[in-house]
Each structure stands twice: as structure tokens, then as C-alpha cells.
Asker: 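Encoded as C-alpha cells, here's the structure I'll be asking about.
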Protein chains: 2
Amino acid sequence: MGGGAVAPRYDERMARSNRQRTSRRAVYETLRRKVLTLELPPGAALSENELAAALGVSRTPVRESLILLSQEGLVQIFPQVGSFVSRVDPAKVADAQFLREAVELAALDDLPAELDADLVEELRRNLAEQERPGLDLEDFFELDEAFHHALLRLSGHGSAWATVVSAKGHLDRARRLGLYDTATPTGFAAQHVEIFEAVLGGDAALARSAMRTHLRAVFDDVERVRARSPELFAKDTGSVPVRRNVVVWE
Amino acid sequence: MGGGAVAPRYDERMARSNRQRTSRRAVYETLRRKVLTLELPPGAALSENELAAALGVSRTPVRESLILLSQEGLVQIFPQVGSFVSRVDPAKVADAQFLREAVELAALDDLPAELDADLVEELRRNLAEQERPGLDLEDFFELDEAFHHALLRLSGHGSAWATVVSAKGHLDRARRLGLYDTATPTGFAAQHVEIFEAVLGGDAALARSAMRTHLRAVFDDVERVRARSPELFAKDTGSVPVRRNVVVWE
DNA sequence: CGACCAATGCTTGTATACAAGTGCTGGTCG
DNA sequence: CGACCAGCACTTGTATACAAGCATTGGTCG
């Protein structure tokens with residue numbers, strides 16, 4: 001360790017550089033979005049070379065993104081064989097459901113007596129948006145995410161949301177499959193309102209009950225779509241191979 | 001997509017190659033262990049080049065491992081600056097505590113009427129081991145992990161353990177700091193027995209109560225050690241830099 | 001005609017070279 | 001003596017080259 005630099009100080013200066021606008025982050029977010037929106041369907045082959053060429057970068061950031069997605073369970077990497085978008089694994093979906101339910105219900109038990117006014121207002125606006133007539137499905141998903149996240153923040157455990165998010169990847173994809181059938185998920189919006197009003201009224205038991213009903217309803221959708229599109233689910237090992245789908249990168 | 005290979009079939013043949021005995025996996029597990037055991041203390045600088053040289057591999061697997069650890073929150077990467085073992089963030093510790101409590105308590109609510117005999121026997125042996133007189137601290141940690149994991153499997157949600165594990169990294173480090181003070185954590189072993197007997201007796205409420213007490217006791221240890229070793233915790237941005245610790249790789 | 005098998009294209013894993021950026025250091029100038 | 005500033009050493013990010021392995025393919029042999 002000769003003359004040069006040593007470990008720099010560990011202060012908030014680094015927090016600035018935390019805004020990693022690296023190429024890897026861009027690729028990671030792009031791929032993750034395409035997987036969650038089913039633009040890259042379960043079972044699709046992901047070639048590092050092809051993705052790199054299509055995205056205009058080298059293999060390195062693509063590869064590192066795939067490794068991250070692999071740890072999230074959204075991608076499976078088979079050494080010397082290939083990488084694939086994970087099929088929807090019913091067991092993992094059930095796990096995500098269990099975890100999400102556990103966390104969100106525990107949060108409802110932990111609500112403070114005095115609710116944060118700003119968050120309540122944010123939730124109110126969110127619910128109003130959800131009931132807008134010509135609502136896009138993608139917008140509804142964003143609102144749904146924000147609703148549950150805000151509810152978690154209301155209990156002071158907002159940062160636990162990140163863990164839920166990374167765990168519920170499989171659940172999200174399955175939900176999306178289910179929601180593409182129903183034209184507009186008005187039922188879910190109504191359930192959201194029910195939960196919110198129970199929270200406002202301070203009725204923890206009712207809030208729990210409503211939340212559980214809501215989350216179970218989402219889960220039931222998964223089983224419904226599974227009967228319709230079994231090839232997107234795992235465990236049916238002998239199913240259709242789903243050969244190299246032609247992926248267009250606009 | 002000319003002549004050669006296409007996407008191979010997606011069958012159980014691949015499950016075999018899932019045994020990734022790659023160099024990256026070895027490096028990842030080594031680094032993760034050293035971080036969790038505090039052999040690489042919070043704040044320590046991690047140079048990709050140094051680690052690569054010490055481990056006898058190139059930068060690539062080291063770098064990819066650091067990226068994975070970074071996503072777990074155990075390592076912080078600052079582009080063009082350096083990588084460091086994350087300091088113990090009290091907020092993240094609290095999050096991990098909340099998440100763990102939510103999941104494990106929910107599992108206790110979900111216990112089947114008929115308990116799996118093999119798992120019960122496994123738990124019994126585990127608890128017997130925990131009360132062995134001259135128990136190593138590292139062994140106790142392993143037993144503790146196995147105990148909670150088995151309890152989760154008893155409720156049929158064993159695979160949710162993986163998420164808890166990755167989320168509770170910060171909690172584990174903090175616990176380890178706390179347990180290095182107390183000579184032998186006999187108190188925790190006794191609490192384990194209490195939980196187990198409540199589960200066997202079918203008393204869900206008592207099991208919940210005992211589990212909550214147990215997990216809260218672990219959490220309190222964190223605050224205790226924080227008063228003693230503040231430099232290992234974050235938020236005190238002006239604290240000691242902790243310069244490039246000399247890490248020996250035996 | 002069927003079974004076997006080598007050639008070939010692809011895949012990911014690893015190693016290395018180069019690029020861009022940061023912080024310390026030490027000399028220099030006012 | 002103090003402030004400034006150029007240079008250097010080190011960092012991670014990215015690109016590329018090479019290595020090892022699997023699966024399909026197409027020919028050959030029985």
C-alpha cells in the first residue's frame with residue numbers, strides 16, 4: 001500500500017454519488033420492467049449477447065443485471081446453458097402471498113394513534129384516482145403499489161416495503177396475468193376504500209379483516225389464470241418448451 | 001438466429017446444473033460469511049483488486065459477488081470511489097426485526113392441527129443441542145437459525161425463510177455484536193424451549209407471546225451494543241473513518 | 001432404417017485491458 | 001507560512017478476449 005490513495009472518509013459526500021446513473025442500473029431497470037410487464041414472458045430465453053447488442057452495451061452490464069434478477073427469482077441462470085425468464089412458480093407465488101400478508105397485517109396492528117396527515121391525504125388522493133372512469137391498467141398497478149406502500153409508511157415501517165417488493169415479483173406477474181382478463185379491476189379499488197376507511201376509523205380488527213380479504217382475492221386470481229395458461233407456470237416439467245421468442249426492442 | 005443451437009428444453013435436466021459450483025458462488029459465500037461474522041467489520045474498505053488477489057481469482061467473480069451483497073444491503077458500492085462493508089443501520093435493523101416478527105408470528109398462526117413428526121423430532125434434537133454445556137457460539141448461531149427455520153417449515157411456509165434471511169443481514173450482525181458480550185446465551189435457549197412447548201401444546205396464543213418476547217429480547221440486545229460501539233453504526237456521519245483495515249485471508 | 005458419434009454453433013464463466021472519475025499528496029507560488 | 005493546483009495512485013464501470021461446457025445437428029456405421 002504505497003504512496004497513493006487510501007480509503008476516503010465515509011461521510012455524506014458519498015450519499016451524493018449514490019445516484020448511480022450507471023449503465024448497469026439502466027439495463028437492470030429496463031429488464032426488470034419488461035419481465036414484470038410480461039413483455040418478456042415466463043420461459044423466454046435471454047441471451048446476454050443478444051440483449052447487449054439490442055441495448056447497445058457490452059455483455060458486462062447485461063450480465064450483472066441478469067445476476068441481480070436471478071437473485072430476485074425473476075430469472076434463472078443455467079451455467080453453460082442459458083438464462084431464462086422464470087416461469088411462475090405456484091410455490092413461490094404462495095410464499096410471496098404469505099409474506100406480503102404477514103407484513104401488511106402486522107403493519108395494521110402497529111398503526112399509531114395519531115395518523116400522519118400528509119400520508120392520509122396522499123391515500124385519499126390515491127383512492128380518488130383509482131376510481132377514475134377510463135383508468136389505464138398500468139396506471140392502476142402503479143396506484144395499487146403506491147397505496148400499499150403508503151399504508152405501510154403509515155405504520156412507520158415504510159422501508160420494509162422494499163423487501164416485500166423484491167419478494168413479490170412472482171405474485172406481481174401472476175396478478176398481471178389475471179388482471180388482463182377482467183376489463184377494469186373495480187372490485188379491488190372498492191376493497192382499498194374499505195381498508196382505508198377502517199384504518200381512519202381506528203378499527204384495527206376490521207382493517208385486518210378487509211386487508212386479508214383483499215389480499216386473498218388477489219391470490220385467488222392467480223389460481224384462476226393458472227387453469228387457463230398452464231404453460232406459463234412451472235412444475236409442469238413436460239410442458240411446451242417456449243422456444244426463443246423473438247423479442248423486439250423497439 | 002441461423003443454424004446452431006436454439007433454446008433447449010426447459011425440463012428437470014436443468015435442475016441438475018442448478019448446483020452452481022462456480023467460482024462466483026464460492027466467493028459470494030466466503031464474503032458473506034466474513035461480513036456476517038464481523039471478520040470484515042462494518043465500514044471496512046473492500047477493494048475488488050485486493051480481494052481478487054487474496055482469493056486467487058480475477059475481479060469478475062469478486063465484483064459480481066459485491067454487487068449481490070450490495071443488493072442485500074451488506075455492502076455499499078460508490079462508483080469510482082470504493083466499496084465498503086455497510087455500517088449497521090438502526091433503521092434497517094428495526095425493519096428486519098419488524099419483518100421477521102411479522103413472518104414468524106404469522107407462521108405460528110398458520111400451524112396445522114397435525115404437526116409433522118419428523119420436524120418435531122428435529123426441533124427436539126435441536127433444542128437438546130442448544131443446552132449442551134460447552135457450546136460454541138458459532139454452533140449456537142447455526143442451531144438458532146435451524147430452529148427458526150424448522151418452525152417456519154412446520155407451518156408449511158419454509159421457503160419464506162430465504163426472504164427473511166436476506167432481509168435480516170443487518171439484524172444478524174447486530175445480534176452477533178450483542179452476543180459476543182454475554183458469555184453464553186442460555187436465556188435464548190430457554191425461550192426457544194418455551195416457544196416449542198407452546199407449539200406442541202397447541203396453544204397458539206402462548207406461542208405467539210413467547211415468540212414475540214424472544215424476538216424483542218434479541219432486538220433489545222442491538223440497542224445495548226449500540227451504546228457501546230457507536231462507530232459500527234451508521235447515521236453518525238462524522239464518526240471515525242475506519243481506514244483500510246488489514247484483512248488477512250489465512 | 002436405426003443407433004451412435006463427432007463436429008459445430010451457441011451458451012455462460014472467467015480473465016484482462018481500457019476508460020472515466022475521485023481524493024490524497026506534495027510541490028509551488030503568492 | 002498558507003492557499004492553491006497539478007499530478008498521481010487508486011477506485012469502480014465498461015468492453016473485449018478467451019475458456020469450458022452443453023445441445024443440437026448431420027453424417028456415418030452397423
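The sequence lines fix the lettering, A, B, ..., with proteins before strands; numbering per chain opens at 1.
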Asker: For A:Ser166, what residues pass the side chain to side chain contact (heavy atoms under 4.5 Å, CB included) criterion, not counting sequence neighbours?
Answerer: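 If we apply the side chain to side chain contact (heavy atoms under 4.5 Å, CB included) test to A:Ser166, skipping adjacent residues, the hits are A:Glu72.
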Asker: Using atom CD of A:Gln76 as one end and atom P of C:dT12 as the other, report the distance to the nearest whole Å.
Answerer: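 From A:Gln76 CD to C:dT12 P: 14 Å.
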Asker: Would you indicate, yes or no, if D:dT12 has its OP1 or OP2 atom less than 4.0 angstrom from a side-chain nitrogen or oxygen of B:Ser83?
Answerer: yes
Asker: Once you round it to whole Å, what is the distance between P of D:dT12 and CG of B:Leu66?
Answerer: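 Rounding to the nearest Å, CG of B:Leu66 and P of D:dT12 are 8 Å apart.
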Asker: Which nucleotide sits closest to the side chain of A:Asn49: D:dT11, C:dT11, D:dG13?
Answerer: C:dT11
Asker: Whole angstroms only, please: what is the CD-P distance between A:Glu48 and C:dC10?
Answerer: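 After rounding, the reported distance stands at 15 Å.
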Asker: Just jot down the ring-ring contact (aromatic ring centres under 6.0 Å, His included) partners of B:Tyr28, sequence neighbours excluded, or say none.
Answerer: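 B:Tyr28 satisfies ring-ring contact (aromatic ring centres under 6.0 Å, His included) with no residue once adjacent residues are dropped.
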Asker: Ignoring hydrogens and geometry beyond distance, is the side chain of B:Gln80 in donor-acceptor contact with the base of C:dT22 at under 3.5 Å?
Answerer: no
Asker: What pairs of nitrogen or oxygen atoms, one from the protein and one from nucleotides 14-16 of chain C, lie under 3.5 Å apart?
Answerer:
| from | atom 1 | to | atom 2 | distance (Å) |
| --- | --- | --- | --- | --- |
| C:dT14 | OP1 | B:Ser23 | N | 2.4 |
| C:dT14 | OP1 | B:Arg24 | N | 3.3 |
| C:dA15 | OP2 | B:Ser58 | N | 2.6 |
| C:dA15 | OP2 | B:Ser58 | OG | 2.8 |
| C:dA15 | O5' | B:Ser58 | OG | 3.4 |
| C:dA15 | N7 | B:Thr60 | OG1 | 2.7 |

Asker: Quick one: A:Ile77 CD1 to D:dC22 C1', roughly how many Å, whole number?
Answerer: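 Going from CD1 in A:Ile77 over to C1' in D:dC22 covers 16 Å.
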Asker: What pairs with A:Glu29 under salt bridge (charged side-chain N to carboxylate O under 4.0 Å, His left out), at least two apart in sequence or on another chain?
Answerer: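 With sequence neighbours excluded, A:Glu29 shows a salt bridge (charged side-chain N to carboxylate O under 4.0 Å, His left out) to A:Arg25, given in chain and number order.
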Asker: Taking salt bridge (charged side-chain N to carboxylate O under 4.0 Å, His left out) as the definition, give me every residue that meets it alongside B:Asp172, ordered by chain and number, with sequence neighbours left out.
Answerer: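 Testing B:Asp172 for salt bridge (charged side-chain N to carboxylate O under 4.0 Å, His left out), a comparison that skips the adjacent residues, returns B:Lys168, B:Arg175.
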Asker: A:Ile67 has an atom CD1; how far is it from atom P of D:dG13, in whole Å?
Answerer: 13 Å
Asker: Figure out the CG/C1' separation between B:Leu51 and D:dT12, and round it to whole Å.
Answerer: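 One finds 13 Å between C1' of D:dT12 and CG of B:Leu51, rounded.
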Asker: Residues in side-chain hydrogen bond (donor to acceptor under 3.5 Å, both in side chains) with A:Thr60, at least two apart?
Answerer: none
Asker: Fit a plane to each ring of B:Phe78 and B:Phe84, take the angle between them on a 0 to 90° scale, and name the class: parallel (under 30°), tilted (30 to 60°) or perpendicular (over 60°).
Answerer: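 Plane angle between 30° and 60°, so tilted.
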